[in-house]
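Computed from heavy atoms alone, side chains included, the values below leave out hydrogens, waters and symmetry copies. Reminder, nothing fancy here: chain letters follow the sequence lines and each chain counts from 1.
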Amino acid sequence: MDADIALAVRGARVRFGAVVPCDGVDVTVHAGEIVAIIGPNGAGKSTLLDAISGFAPLEAGSVAIGGTDVTRALPYRRARLGLARSFQDARGFANMTVREALLGSLHGRFRGGLLAEGIGAGVARDDERAACDAIEEALALVDVRRYLDVRIADLSVGTARAVELAVLSLRRPAVLLLDEPASGLQQSEVEALAGVIERIRGSAATLIVEHDVPFVRAFSDRLIAMDLGRVIAEGSPADVLDHPAVIESYLGVPAR
Amino acid sequence: MIWLQYAVFGLGVGAIFALLAVGIVLVYRATGMLNFAHASIATAAAYVNFTLLERVQWMPVGLALAITVVFGALLGIAIRKFVFGPIAGTSQVVKLIVSFGLAGVLQGAVGLIWSRIGTPTLPGHSLFSMTSGIKIGAATIPSQRIALLVIGAAVALGLTLLLKRTEFGMCVRALAQNPLAARLAGVDERRVHSAVWAIAGATAALAGVLIIPFGVLTPLSLSGFQIKSLAAALVGGFASLPAALAGGLGLGVVQEMLVGAPAPLNGLRSVLATGLVIVLLFARIERRFVSEQEARALEGDERTLAGKWKPVPLGSPRAWLAGTVILALVFFGLSGFWAFVAGRTLIYALLGLSLVVLTGWSGQVSLMPGTFAGIGAALAWILGTKLGFPMPLVLPLAALATIPIAGIVGVAALRLRPLYLAVATVAFAGLFEETLFVQHWFANSGNAMSVPRPKWIAGDHVFGLVVVLIVGATFAATAAFGRTRTGRALRMARDNERAAASAGVNPTKYRLIGFALSAAYAGLAGALLAYLLGTFSMATFGFLVLSLTVFGLATVGGIRTPIGALVGAFIVVYLSEVFRASASVQDWVFTGTGAAIIAVMAYSPDGIAGMLARFKRHSRAVEPPVVETFELAEASGGR
């Protein structure tokens, strides 16, 4: 067993009735590595992220985070083990302010429980103070300071994405899953996003699902191409993008 | 032979349950609104039918029935337009709250128009003979019973075919599974909804007219049918019409057979429907009928509210404490009577606060605040009066004792989706009212119970002061709690279950915490109310009477902030004191709170507190801007 494997998916199969959006997928991501999954719509990319984060039950196969098997674990358990993920709509907690969302992302780090809060014990208060300090950490990565007291529902798509990244990074995840982070962004915003992902690189194993190939090509260590629920190519970005099966799945014609 | 007779009787009444159940299922599938006011439509229709026959001498029974069914359909269309229309496309929680409001309006209006006193049903008022019919052995099954069965079953089967075989049915199913895709495919959502509500209203009216000749018509004579038809509908997972028909018939047969059963068994009759609901919830029956995708679509999306729900202030804990001190000082200036009223206001505010935590912060709906308050009051009687415990010990015990009960209810609805928790609370509220609240040891058999105040705080003034301090401290603590890790986790699970789980928050755990906490508040409020009233009976805590009032006050005040509970309690208690002399005060309270709930949810979901917050924002011109810029470029600094 490789010690620095942060995320290991083996033979993952997901079934919704007659549809099998993921059929025997293997994915390995090492600590500090950035891996991008590309593929046409319906390739099973987002379902794979759901399977890894625990929202789509596996019919066969396994998922391990940092060597711990989580195949049967509930989503919040996986999150406690260091898994963080974004959602395509980036509207996480629409009715909460940015500050609240940032504090909420520190949920797992608090020591005081319900009882301590109920009697207003010092430990709960210390936790809140520490959490307020910790927010600075995220603001150093993505500066959303101006919007701290704005409701997430009132943010533009780009800002909501930025906030989501700040929220995710604040949790110091061991494994970071990003679901189409560039969709709906303007070109300048996509470039800025690439910068932030580069900065997170050192701390987390990152798995990105994305349509925008030039965007992920810039910083990915490896690409995985999927089509119809299977991995059709895997390797360095250049190799995968030149792979005949990948060209065929994107263009719909066999590559000559 | 006697059993056969019971069974045929049961089929007749069961067909009525089925007739109501298919209406509930149809509306739920097409609009996502589980209608807790469905039996109230039947009640209103029964009164219309009675009035027609009574006032218009020449009116044939058949024509009266036809007019009444048309009335039911028109009532359904009106509900679609004025009640459901403004909240279509919002979350399940809002729809549930509005459905409670609708029940209040209909029940109250029936009471106001036709008075609360029962009307004897007259022999000439039934469509078919009540005396002659088919002979089975020595007994006669009246034609009306047979007509019930035939009509009920025919309508249920007809609607099943309508859903399965017609284009209209396909539109209904398409809207249930994916509203957006259905609209894009050209389904006229409003027309389909209107048709569905019209069918539901008409069938409910039919049920009301057919069943009434067997009993006496009072505003509440059909209230038991609500839970029974809900139980029948739940047999089909709120989705399958044939299963709902079978459920209704089965429930009717078992219920009538129990009438003839020997002593301990026949007592089960009163808890049959509530028990069935609880068993079905534990068995997670809906999984057999509804796919995960459809369930999500029907549940709606809390986030669709985001446009309307602006931030509301919680009030800082210090402000609440300061307010408590000021109120305590004001108290000395009040007369004894007003000190009593003020005490009642604060206790109702505490009940409202339990819904702020549950509905406002945790996104769930419960019809048990009245029940938990009743348990708290009964515990005050058992512990304080019978066992002689001192009040400072009784109050926390009454609050804590509700938590395990909330745990049981919560586990019954363990997927803890708002819909199933709401159904579970209705069932448990009914179950407790039928069983626990009539026990001699627990509730003095429903008779008057007295809980004397301790001697040192016996006067209304002094006791009111104690209430001020306890309630004020609870509000301050709650405002502080809203800002803690747990308070945030409640709101995270409310706003987005998946995102919350991805942040390490266990949504099930926090919903359970929200429910248990709200139960404890209600238990404390109930015990305080027992001491305040001195003498009371469990009727005070009837779930329609108290829970609906509490829902009304919390909604009107603003269900997401403690300030709202206080404002709402002030309005409701003050108005009910002013109109205390009126004989129909209860009906006015039902109608008023019901209408207020509907209006608030449609136009200002955060109630008065929301309006105040908006006003404040406008006057200072600090409305948070819609943010258009992207800030990553700045952040990535060295680029």
Please name all residues satisfying ring-ring contact (aromatic ring centres under 6.0 Å, His included) with A:Phe16, sequence neighbours left out, ordered by chain then number.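 If we apply the ring-ring contact (aromatic ring centres under 6.0 Å, His included) test to A:Phe16, skipping adjacent residues, there are no hits.
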Would the distance check show the side chain of B:Asn506 and the main-chain N or O of A:Tyr76 forming a donor-acceptor pair, the cut-off being under 3.5 Å?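 Pair absent, no side-chain N/O of B:Asn506 close to backbone of A:Tyr76.
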Could you tell me which portion of A:Leu83 (side chain, backbone, both or neither) has an atom closer than 4.5 angstrom to a non-hydrogen atom of chain B?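 It is the backbone, since no side chain atom gets that close.
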What part of A:Leu74 is in contact with chain B, defined as an atom under 4.5 angstrom from a non-hydrogen atom: side chain, backbone, both or neither?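 Neither part; nothing is under 4.5 Å.
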Shortest non-hydrogen contact between [X] and [Y], atoms and distance:
| X | Y | value |
| --- | --- | --- |
| B:Ser502 | A:Arg85 | OG-CG, 3.7 Å |
| B:Gly504 | A:Ala79 | N-CB, 3.3 Å |
| A:Arg171 | B:Ala503 | NH1-CA, 3.5 Å |
| B:Arg485 | A:His107 | NE-O, 3.0 Å |

I'd like to verify something: which residue of A:Leu177, A:Val167, A:Leu103, A:Leu81 has the highest number of heavy-atom pairs under 4.5 Å with chain B? A:Leu103
Do B:Glu497 and A:Phe55 touch side chain to side chain, with heavy atoms closer than 4.5 Å?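 A side-chain contact under 4.5 Å is absent here.
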Does A:Asn95 reach the side chain of B:Arg494, with side-chain heavy atoms less than 4.5 Å apart?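 The answer is yes; the side chains approach within 4.5 Å.
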Please, which pairs that meet salt bridge (Lys or Arg N to Asp or Glu O under 4.0 Å) have at least one residue in residues 96-106 of chain A, sequence neighbours excluded?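 Matches after skipping sequence neighbours: A:Arg99-A:Asp149, A:Glu100-B:Arg491.
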One option among B:Ala480, B:Ala489, B:Ala499 has the most heavy-atom pairs under 4.5 Å with chain A, and it is B:Ala499
May I ask you to check whether over 12 heavy atoms, not counting those of A:Arg77, lie within 6.0 Å of atom CZ?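 No, not enclosed.
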Residue pair A:Phe93, B:Arg488: steps toward the side-chain contact (heavy atoms from CB on, under 4.5 Å) verdict: CA-CA 11 Å; A:Phe93 308 109; B:Arg488 267 194 307 273; over 6 Å; no
